[in-house]
Each structure stands twice: as structure tokens, then as C-alpha cells.
Amino acid sequence: MAVTPPPERGTLVSRARSPAEATEADLRALESNILTTTVDRVVSWARRNSLWPAQFGLACCAIEMIATAQARFDIARFGSEAFRASPRQADLMIVSGRVSQKMAPVVKHIYEQMLDPKWVIAMGDCASCGGVFNNYALVQGVDKLIPVDVYVAGCPPRPEALLYGFLKLQELIAQPGRRRR
Amino acid sequence: MTTLRVRIRQSLAILKGLAVTFRYLFRPPVTVRYPEVKRAAVQPRFKGRHWLTLYADGMERCVGCELCVIVCPSQAIYVRAAENTPEHQVSKGERYATDFQINELRCIFCGFCEEACPTGAIVLGREYELASFSRDAMIYTKPMLTEPYPGASGRDPQREV
């Protein structure tokens, strides 16, 4: 009996038009796919609707991040009101502000303390690429240290712009194929 | 007797406090429901993403002088200019920009480029929703920056500068 390669994960292509027509391979594909994809979708739904950010701010962007958490913009509408002081309880790291060379090890430490799955938003110009401070004192973008999922432009970004980036991150988490992990 | 008076005062204090709570219960919430509802208008001076504007006849305003490149404090702009020829007239000056890139992640939206521009080609628009999954995607090229039709950026295409 020829060994058929296992179907690719996430693809369920069957030409059967009724259960009676389903072949052995179709059933095997069904078994290997349907449960995991569904659980994946539920898990990603749960993850993206309760992203808890780590509570720390680096510079002026942090003020806008605080404003995002307040009543007017209310990040709680997206399930992220719980800014966690302990990185171990946080899923999302909003790098809000410039990362100086002195702060770089600390930022990296916070990221490494966070438990998987974890995501990073580089908020503002300085965190994304150094912005106006193209000099020796600053890390030219926090992605030199840690992987970044969403970059938000603005100096500083409006709270709406941060929410826009946040919604983009939720979009990213919703698509298992485009996720980093 | 004294304790009774204290009790009454304490109960009244609680009711007074709860009155504040109940008053807020019937006020409309201050929350802007952002993705569905946006704040009516940004401030008139607000500086968002850039647009390269056109004259009313569709000619490009940018003459490739690179003054915006010089003035930009974060070195976010790159311009490569080329000469206009009678067969290929793109702008109303001697030169035009063949390549015009703005790194929206570098840009601090100070508006110096808008001030420096002698023809009023570069303007900062109203859009603030700038986010991407990669740094490269935030480098806006000339086709992305040029307004799709004269006046699309919200500036009068008939204006002098």
C-alpha cells in the first residue's frame, strides 16, 4: 500500500460531494485538521480579546498610552484595561517611548520575563526606528532588541492611532498563518 | 443621643456620595467609540500623514528643490530630482521629483517641510491612522504620497503656495 503524505495543515480539500463519497484520505485529513483548527480559532479569539499590556512607560508616548487607558478612549473596550505591573502576567508589551542604550537591557529583560505567547507594539517614532533622535544615545528602534509585531507612527501617536495599531495586532493574532508564534 | 446624631450624619454622607454616582449613571458616557465613531474633526492645525499636492490642471507642484530634505529634523525625506523636458513636463518648474519617499516612522510631523516648500507641494493631512507590521511598509513612496486627484488632500488646488 502506497503511503500518502499527510495533508498540509489547515488545508482541507475534498472532492467528495457527500459523506458516502469521502475517501480514506479525506477522513484522515478531517481528523488531522478540523479539531486543531477550531481550537486554534477559539484560542486566538480568547487571546486577542484579553491582551494584557505590561505596565511601564519610557517617555512621552507613555502619556498617550495612559490616555488610551482612560475613560475617553477606554482600551477596556478591547479587553486590555489590566495593565500588569508584573511582566509575567502580561501578554503585550507596548514600548512607549525612546529606548536609550542604558534602558535597552532593562527592556530586553522585561520582554524575556513575559510568558509566551507575547506580542510587542512599538509605539511612536522613537520606539519604531529612533525617530528624530538619530544619535549615539538611543537604540535605533526597539526591534534591534526584541521582535516587534506592530509599528505605530506618530510623535507621539494619538490615542486613536495606538488603538488602530492595537486593532491591527488583534487582526494579526486572528490569522494563525501570519503569527510569529 | 450623640451616637444617633453621628449615625444620621454618616447615613446622609453615604447618600450624598451615592447621589454623585447616580448622577453619573444618567449622563452620556465620555467614551469615543473609536473604530466605529471617530472624533468629529481633528484640530485645524493637526498634522497627519503627508500628501504631495497637484495643481488644478493635474501638474505636480513639487519641483524637486529638496528644501524639505534639508529642513527635515529627522531626515525622513528622500528626493531624487530630474530635469523637465518639453516632451516630458511633469511640474511647472525646471525640475521634478522622480522619486519621493517619506519614512512615516521617522517623521515627527513637525510640519517644517510644509513650511519650507516654495510651491506648497508637500502638505500634512488629516489622517493619523498610521501603523504597519513592518518598517518597510511605512516608507511611503511617490505613488502613495501623491494625491489621487487635485484637491484630494483637502487643500485648494487653486491656491498660490
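Here is how names work: the chains are called A, B, and so on, in the same order as the sequence lines, proteins then strands, and each is numbered from 1. Quick caveat, the model's predicted, so the values are computed rather than measured. Basis for what follows: all heavy atoms, side chains included, without hydrogens, waters or symmetry-related copies.
- Interface remark: A:L163 contributes backbone and side-chain atoms alike to the contact with chain B (heavy atom separation under 4.5 Å).
- Your options are A:I121, A:D74, A:V152, and the one with the most heavy-atom pairs under 4.5 Å with chain B is A:V152.
- Counting heavy-atom pairs closer than 4.5 Å to chain A, the top-ranked of the candidates B:K47, B:Q75, B:R33 is B:R33.
- Using a 4.5 Å cut-off between heavy atoms, A:R158 contacts chain B through its side chain alone, with no backbone atom that close.
- Among A:C129, A:G141, A:G165, the residue with the largest count of heavy-atom pairs under 4.5 Å with chain B is A:C129.
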Please tabulate, one pair per line, all N/O donor-acceptor pairs under 3.5 Å involving side-chain atoms of residues 60-71 of chain A, not counting sequence neighbours.
from: A:T68; atom 1: OG1; to: A:E64; atom 2: O; distance (Å): 2.6

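- Ring geometry for B:Y128 against B:F46 counts as perpendicular: the plane angle is over 60°, on a 0 to 90° scale with 30° as the lower cut.
- A donor-acceptor pair is defined here as one N or O able to donate and one able to accept, closer than 3.5 Å; no such pair exists between the side chain of B:N103 and the backbone of B:A76.
- Between chain A and the options B:P73, B:C72, B:S132, the largest number of non-hydrogen pairs under 4.5 Å is found for B:S132.
- Side chain of A:S128 to main chain of A:G124: a donor-acceptor pair is present (N/O by atom type, distance under 3.5 Å, no hydrogens or angles).
- By the 6.0 Å and 45° rule, B:R49 stacks over the aromatic ring of B:W51.
- Residue B:F109 touches chain A through its side chain alone, counting heavy-atom pairs closer than 4.5 Å.
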Q: Could you walk me through whether B:S74 and A:N134 pass side-chain hydrogen bond (donor to acceptor under 3.5 Å, both in side chains), step by step?
A: CA-CA 7 Å; B:S74 51; A:N134 189 3; over 6 Å; no
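- Within the 4.5 angstrom heavy-atom criterion, no atom of A:F166 approaches chain B.
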